[in-house]
Structure formats: C-alpha cells, structure tokens
Amino acid sequence: MTKRVVILGGGTGGTLTANRLRRRLGDDVEIAVVDRDDRHVYQPGLLFVPFGLAHPEDLVRSRGRQLHAGIGFHRSAVDHVDIETDRVVLDDGTVLGYDVLIIATGVELQPEETEGLTGPEWGRKVFTFYNLEGAAALEGALSHFDGGRVVVNVVDLPIKCPVAPLEFCFLADWYFQERGIRDRVQLTYVTPLDGAFTKPVAAKVLGGMLEEKGIELVTEFNTGSVEDGALVSYDERRVEFDLAVVVPLHGGAAYVGRSPGLGDELGFVPTDQVTLQSKVKPNIFVIGDASALPTSKAGSVTHFEGDTLTANVVRFLAGEPLDASFDGHANCFIESGFGQAMLIDFNYDTEPLPGHFPASVGLPLLKQSRLNHLGKLMFSWLYWHSLLPGRDIPGIGSHMPEAGKHGVAQGKE
Ligand SMILES: Cc1cc2nc3c(=O)[nH]c(=O)nc-3n(C[C@H](O)[C@H](O)[C@H](O)COP(=O)(O)OP(=O)(O)OC[C@H]3O[C@@H](n4cnc5c(N)ncnc54)[C@H](O)[C@@H]3O)c2cc1C
C-alpha cells in the first residue's frame, strides 16, 4: 500500500517540506497538506507595512499554488490529532490516516492572554505588526501620529523572529526623521530580557545601536497588563505611551492542546534537536516554529531544518537510521533604517559573531551595510522562487559556516 505523509500547516515549513518530499519520492508516497486558509503570507514583509514600505496585498499568495502538482491540499482547520491511532481529524469532519505526520503549524498569537491588551485601546492606541491586519492598521495610525511616546514591547519569549521588534524600533527612528518629527517622538523599547537581545555579543551591538539612535531601553519588564495608556509590569512598574506596538504572547496552535500527548504546556511539540523527530512518537516529525527546540523561531531556521527533516522522513519510511545533522543554524538580517541592515548567523553552540558570511569574503556580520539591506530585500524573491519550491539556494547551506567568523571557539564556550 502507498505510504501516506500528512503535513499539518501550509506555511513556510509545511510548503517547503511537501515540495522537497514530492521531488525526492514522487508517486511512491501520498502527500497531503492541511491548512485552514489559502492565504500564504510572506511574514518578513510585515515589518515594512507600517512604514508604507510594503503593501499588504503584495505579501499574500495562494497556498495551494505554492505546492507542486501531485500534492493534496485540504483547506480546513485541524481539530485534533489522535497519536495512538495515527489519525488527524479536521474541522470539516475529514479524517486523515497517516504513516508519517509532520507538524508545521507554527505559532498562534495570544494577545487576549495579557490583561487589557485587547481592551478599548486595541486598534486605536495599541497595535501589533505580527499579523497582516495589525500591520495594515498600524500603518494608518503611524501616518497620523504627530508626536508623543511610542513604546515597542515584547510581552514574553519565545516569539518568532526575535530581532523584528528591534528592527521596528530602528525603522521607526528612520521613519520619524523622514517625516521631520523625530524630535517630537520619544521612542522606547521595553523587553523582558536583561539586554537588547538574548546573545551577549549581539546584545551589546544592538544595545549600542538603540543608544546611538536615541531609543530608550527598558529591560526586565514583564508586562502584566495594559491599562489607560500604560504598560504595567508584574512588579508594578509603569511605562506610559501614546502609541504602543506590542508583540503578544506566542503559543503553539490550539489543536495541539486538544491532542493528548502531542505538546508541552505552551502547545509546542517536544522534538529531538538534531534529527527533528518528535519525542512523542517516532512517526511524528516537527519543523519550524511549532517545535519546542532551543533555537530561534525564524523562517531561516525552518528552511535549514528542511534538509534534515526531508532526509529523515525518507529514511524513516525506508526503515533506516536517522541523520542527526541539524545544528540549529539561524541567519537573520536586521534592518537598521536608512537603507542599511546587519546580518547575524549562529547555531546551537556558536553565538552571533563578527566577520563575514558565508566565508571570509561575503556579507558583513554584526555590522550595518547597504549590501545586507539589499540581501534582505532580495530575500522575498528567493522565498517564493527557491525556498518554498524546495530548491537549494546557492551559497546558503543548512549548516552554519565557520569560515569567515571571528572567534568561533570563544563563541562555543
Ligand atoms: C513580523 C515578522 C517578521 C519576520 N521576519 C523574519 C525574517 O526576517 N527572517 C526570518 O527568518 N523569519 C522571519 N519571521 C518568522 C517566520 O515568518 C516564521 O518563523 C516562519 O514562517 C515559520 O514557519 P512555520 O512553517 O513554522 O510557520 P508558518 O509559516 O507561520 O505556518 C504555519 C501554518 O500553520 C497553519 N495553521 C496553524 N494552526 C492551524 C490549524 N489548527 N489548522 C490548520 N492550519 C493551521 C497556519 O495557517 C499557517 O499557514 C518573521 C515573522 C514575523 C511575524
């Protein structure tokens, strides 16, 4: 009987995995992708929408059309997974049996979990740019903003693309300068971390950039509620605002909680960090933001995981031992305004370090440059035309390159 692979989620990870598996296995397996809608959003583009640098309609394409011929597409939400009987039940009543299940349902934003966040000021003075509707609404609010306190807040980690809120701060500084009102805007970045970022070398560089740009940094702030134009922390500190841009709490997709034995308390799926096989059952694999792995939740990580994941699903179906090769590689452009961007590249063991990527001649790391900005802009084309179709991107491998980095050994300590 033909083996069946069911992929939950038709975003970055689900799409690239389906296309890679189809290319490797052809008609030898039946591949079905499930997603609740047919709108695939290029999420890195959301950062640019509030500043009028990208238009919402240009970021969206049909999910079904990103899948190669021969891959089935079910447009319905997942109700639950029964890991005992290897079956997925969809909201529309369809039941899909599987030999291998791939979880690629990303994260769910949970703004309602923070008291007062979605209260009367939501969509008027309090926004998020982490989804298309929020980013578009924020564009309207920013264009009418003519001075006051703008606060950018990360409620708690993990979040996807942890550098995106910092990029928002840098672009806001540029945007208000362009509009000639920067001297009337007080910009503040409020984070639960003890610095601008998690990794020490990058935190120092990014913290320095906030300072240079006159953006105040408030650390170790755990937002407990949002009330009357202020963020209030659990230890009762207040940060007043006229406009707040909030990255809400993230959790796994809600169906994970309805699927006994599948996820942890946050709804993420426990996963082996080098093989990407789930820890809950051998025939379940996980890619992207849905996993509980100790790596960044980012499209680049999802892309790099794709190599190991595809190889291991093929091996699993053939009864062969798995390849333990995923190193946690992450690679992020950090837009810094004025046509410049930085680049950071790291993995489980090596923090972001200065130097060049991918070798001693290449894009500058941890340094602002025009070349990195152009790389960030070009990435949208690569996303639709190389990454999602499952093609290899020349010069970008799934393993973190060490050549070109200064002090790799010290980063491993
Ligand atoms: C503002 C912003 C900027 C970003 N910038 C960058 C960047 O510059 N670089 C970078 O590498 N990454 C960036 N990212 C992160 C990147 O987009 C994600 O990490 C990546 O898309 C993760 O892929 P995924 O497949 O795990 O999840 P997704 O691509 O989010 O796909 C998950 C899919 O699962 C579906 N789904 C969820 N629940 C259900 C259900 N119950 N039933 C059916 N379907 C369901 C969803 O509809 C969705 O299509 C950014 C993200 C944001 C929000």
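Every number for a ligand or one of its atoms is a count from 1 in the order of the listing. Since the model is a prediction, treat every value here as computed from it, not as a measurement.
Taking CG of Leu142 as the reference point, atom CG of Leu243 lies at 6.0 Å (rounded to 0.5 Å).
By the 3.5 Å distance cut-off applied to N or O atoms, Tyr130 is not counted among the residues near ligand 1. For ligand 1, the polar-atom distance check against Thr12 finds a nitrogen or oxygen pair separated by under 3.5 Å.
Within the structure, ligand 1 lacks Phe333 among the residues with a heavy atom less than 4.0 angstrom away. At least one heavy atom of Arg63 sits under 4.0 Å from some atom of ligand 1. Not a single heavy atom of Glu167 lies less than 4.0 angstrom from ligand 1.
Of all protein heavy atoms, the one closest to atom 49 (O) of ligand 1 is Asp35 OD2, 2.6 Å. Considering only non-hydrogen protein atoms, atom 17 (O) of ligand 1 sits nearest to Gln43 CB, 3.3 Å. At the shortest separation from atom 8 (O) of ligand 1 among protein heavy atoms lies Lys376 NZ, 3.3 Å. Atom 42 (N) of ligand 1 has its closest protein heavy atom at Val78 N, 2.8 Å. Among all non-hydrogen protein atoms, the one lying nearest atom 25 (O) of ligand 1 is Gly13 N, 2.7 Å. Given atom 43 (C) of ligand 1, the protein heavy atom at minimum distance is Arg36 N, 3.4 Å. Nearest protein heavy-atom contact of atom 12 (N) of ligand 1 is Gly299 N, 2.9 Å. At the top of the distance list for atom 34 (O) of ligand 1, counting protein heavy atoms only, stands Thr105 CA, 3.3 Å.
Closest heavy-atom approach to atom 50 (C) of ligand 1 among the candidates Ala135, Cys161, Gly106: Cys161. One option in Thr128, Val88, Asp289 has a heavy atom closer to atom 22 (C) of ligand 1 than any other, and that option is Asp289.
When ring centroids are compared, Phe304 and Phe326 stay outside the 6.0 Å threshold. In this structure, Phe338 has its ring center at least 6.0 angstrom away from the ring center of Phe170. In this structure, the ring of Phe285 has its center less than 6.0 angstrom from the ring center of Phe316. Aromatic pair His40/Tyr383: centroids less than 6.0 angstrom apart.
Taking every heavy atom of Tyr255 and a limit of under 4.0 angstrom, the matching atoms of ligand 1 come to 41 (N).
Contact check for Leu117 versus Pro248: side-chain heavy atoms found under the 4.5 Å cut-off.
Ring orientation note: the planes of Tyr130 and His250 are nearly perpendicular, at an angle over 60° on the 30°/60° scale. Aromatic ring orientation, Phe333 versus Phe379: tilted (interplanar angle from 30° to 60°).
Contacts between Ala104 and ligand 1 below 4.0 angstrom, taking non-hydrogen atoms only, involve the backbone exclusively.
Applying side chain to side chain contact (heavy atoms under 4.5 Å, CB included) to Cys169 and the options Ile215, Val245, Val151, Val150 leaves one that passes, Ile215.
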